[in-house]
Amino acid sequence: MGPIRNLFSTSPDLKRTDPAKKAGKSNEQYKKNEAVSSVSTGQPHSRDQVEISSEGRELLSLKAEARKYLDDVKTSKTLTPQELDKIKEKIASRRYFDDSVIEKVVDKLVQSTDIIGE
């Protein structure tokens, strides 16, 4: 049982990791750098920071916008087959090419852009 116990036991060097050894610095240099960082930040350890590029910000906003549109599609009302048939009939009869219908559509578009523009 002796050799197996030696396999699973750790030497004193492995039990505790010295940050100065990790960074390849002497203990004295590490303590000096730690003291300088605590003086400059007022905290014993400095905080990590992340800078997000303008491309990253743009991609994030596009992702949020896409998520919004997907949510809108998921919650939108779907047309029944009967409603679709009525629309197809109106297209076949060229109703949407009538001047009065075109004027109504343009008026609604102008009104909706006025609301969006504000």
Side-chain angles (χ1 to χ4, degrees):
M1 223 40 198
I4 293 175
R5 189 173 294 164
N6 288 341
L7 275 175
F8 295 107
S9 67
T10 57
S11 68
D13 293 336
L14 296 178
K15 285 184 181 176
R16 187 169 178 198
T17 305
D18 186 4
K21 286 181 184 175
K22 275 186 171 178
K25 299 176 183 176
S26 71
N27 219 7
E28 212 172 281
Q29 287 175 324
Y30 181 78
K31 286 179 182 175
K32 182 180 176 185
N33 287 344
E34 194 65 25
V36 168
S37 109
S38 67
V39 169
S40 64
T41 62
Q43 297 177 350
H45 298 285
S46 62
R47 293 184 178 177
D48 291 337
Q49 289 183 327
V50 176
E51 289 185 31
I52 300 174
S53 68
S54 59
E55 275 185 21
R57 290 178 195 272
E58 188 175 329
L59 288 173
L60 187 61
S61 69
L62 285 173
K63 183 178 177 181
E65 190 174 340
R67 184 177 297 130
K68 178 189 170 288
Y69 286 126
L70 284 174
D71 290 343
D72 288 349
V73 168
K74 287 178 184 176
T75 60
S76 67
K77 178 187 169 206
T78 57
L79 295 175
T80 64
Q82 293 83 7
E83 291 171 323
L84 283 174
D85 288 340
K86 286 181 184 179
I87 292 171
K88 287 177 183 178
E89 287 174 15
K90 288 179 181 179
I91 291 172
S93 68
R94 301 188 53 86
R95 179 165 181 340
Y96 293 115
F97 294 101
D98 186 23
D99 287 340
S100 63
V101 174
I102 292 173
E103 285 180 30
K104 287 179 185 178
V105 171
V106 170
D107 287 341
K108 287 190 179 200
L109 285 172
V110 169
Q111 290 172 1
S112 67
T113 56
D114 286 342
I115 293 171
I116 293 171
E118 291 177 358

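- Atoms NZ and OG1, from Lys86 and Thr80 in turn, are 7.5 Å apart once rounded to the nearest 0.5 Å.
- For the pair Ile52 and Leu60, the minimum side-chain heavy-atom distance is 4.5 Å or more.
- Closest of all the heavy-atom pairs between Val73 and Ser76 is O-OG, 2.9 Å.
- Scanning for side chain to side chain contact (heavy atoms under 4.5 Å, CB included) contacts around Leu70 gives an empty result, with sequence neighbours left out.
- Under the 4.5 Å side-chain criterion, counting only non-hydrogen atoms from C-beta, Lys104 is not in contact with Lys108.
- Residue Val101 comes nearest to Arg95 through the heavy atom pair CG2-NH1, 2.7 Å, listed as atom of the first residue, atom of the second, then distance.
- Residues Tyr96 and Ile102 come closest through the heavy atom pair O-CG1, 3.6 Å.
- A salt bridge is absent between Asp71 and Arg67; no separation between the charged side-chain nitrogens and carboxylate oxygens falls under 4.0 Å.
- Note: Glu55 CD to Leu59 CG = 7.0 Å, rounded to the nearest 0.5 Å.
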